[in-house]
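All values below come from the heavy atoms of this structure, side chains included, with hydrogens, waters and symmetry mates left out.
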Amino acid sequence: ALAAVIDILLPLGHNIHNQRLAGGPMVVVARKDHPVVQGRISVAAYLAQEHVLASSRKTGPGIEDMELSRLGFQRRIKLRCQNYWTACKLVSTSDLLLTMPERYARSINEPLANQLIAFPIPVSANDIFLYWHASAENDQANRWLRERIIASFHIA
């Protein structure tokens, strides 16, 4: 059995405990001289562009896609990759857009000179949580692991 899991907000049973680890706003990443994006973007322009989705999951929507869907929108995903660095490199040499957590975007994009702009829908859709089973609540090893994970998120 897994000792702990880090994931987005999920529906929970009564025997699963959780703690929010991190969150914050999403930003849109575009190359410095993108023909459509210059410091801001409308929802219509955002949806009309092609996007790269960075996700550790092999299939399924991104967090931002779930929020867009909830509002009746769908974006055009052209490529999918597994990490933000690769996605930011792709964005720096193409007209693709990337939506990602602001807390990572600033440091990753600094050497690439990509522009970071506000996600056109005011939402904080990237909260992540630590989950563990209720039976591990008082387990010393599990508690030690949870404390280390929580501490690492407060440092970052």
Side-chain angles (χ1 to χ4, degrees), residues 1-31 41 46-47 50-94 96-156:
L2 294 173
V5 173
I6 298 173
D7 208 334
I8 62 172
L9 183 61
L10 301 169
L12 302 175
H14 69 282
N15 57 351
I16 303 296
H17 295 195
N18 73 79
Q19 178 169 338
R20 183 178 174 271
L21 293 174
M26 302 290 273
V27 294
V28 178
V29 182
R31 69 180 167 93
I41 192 168
Y46 176 85
L47 297 173
E50 292 183 325
H51 299 260
V52 57
L53 170 60
S55 176
S56 59
R57 292 180 168 93
K58 294 183 184 204
T59 62
I63 297 167
E64 60 276 22
D65 296 298
M66 290 186 276
E67 185 63 20
L68 289 167
S69 176
R70 188 180 71 74
L71 298 170
F73 300 126
Q74 183 175 0
R75 64 184 180 151
R76 298 168 39 203
I77 298 171
K78 172 118 180 177
L79 294 170
R80 184 182 193 105
C81 65
Q82 290 191 324
N83 67 64
Y84 287 125
W85 173 249
T86 302
C88 290
K89 288 284 287 178
L90 286 167
V91 164
S92 72
T93 60
S94 72
L96 293 171
L97 299 182
L98 167 66
T99 305
M100 66 181 292
E102 182 180 34
R103 69 180 179 273
Y104 302 134
R106 298 223 175 273
S107 60
I108 290 175
N109 285 285
E110 188 174 336
L112 300 173
N114 288 332
Q115 55 179 316
L116 307 180
I117 58 173
F119 188 55
I121 298 168
V123 64
S124 178
N126 65 323
D127 289 350
I128 55 175
F129 292 80
L130 174 65
Y131 296 94
W132 64 95
H133 194 272
S135 63
E137 179 68 25
N138 296 314
D139 178 88
Q140 277 190 319
N142 189 275
R143 180 173 291 192
W144 177 89
L145 175 64
R146 294 190 322 259
E147 288 171 355
R148 296 307 171 279
I149 292 170
I150 291 165
S152 73
F153 274 87
H154 290 291
I155 292 169

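Rounding to the nearest 0.5 Å gives a distance of 9.5 Å between CD1 of I121 and OG1 of T99. Atom CD1 of residue I128 and atom CZ of residue R20 lie 9.0 Å apart, to the nearest 0.5 angstrom.
Checked against side-chain hydrogen bond (donor to acceptor under 3.5 Å, both in side chains), S69 has no partners two or more places apart in sequence or in another chain. Residues forming a side chain to side chain contact (heavy atoms under 4.5 Å, CB included) with R80 (at least two apart in sequence, or on another chain): L53, S55, R57. Remark: R76 pairs with E50 by the salt bridge (Lys or Arg N to Asp or Glu O under 4.0 Å) rule, at least two apart or across chains. Residues satisfying the ring pair (Phe, Tyr, Trp, His ring centres under 6.0 Å) test with Y46, not counting sequence neighbours, are H51, F119. Contacts of R31 classified as salt bridge (Lys or Arg N to Asp or Glu O under 4.0 Å), with partners at least two apart in sequence or in another chain: D33, D95.
Each of T86, V28, V52, L112 was checked for a side chain to side chain contact (heavy atoms under 4.5 Å, CB included) with V91, and the lone residue meeting it is V52.
The closest side-chain heavy-atom distance from R75 to E64 is below 4.5 Å.
The salt bridge (charged side-chain N to carboxylate O under 4.0 Å, His left out) pairs that include a residue from residues 106-122 are E102-R106, where partners are two or more places apart or lie in different chains.
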Please list every donor-acceptor pair under 3.5 Å in which a side-chain atom of residues 11-18 meets a protein atom from a residue at least two apart or in another chain.
{"residue": "N15", "atom": "ND2", "partner": "H133", "partner atom": "NE2", "Å": "3.2"}
{"residue": "H17", "atom": "ND1", "partner": "E137", "partner atom": "OE1", "Å": "2.7"}

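With hydrogens and angles disregarded, a donor-acceptor distance shorter than 3.5 Å links the side chain of N114 to the backbone of C88.
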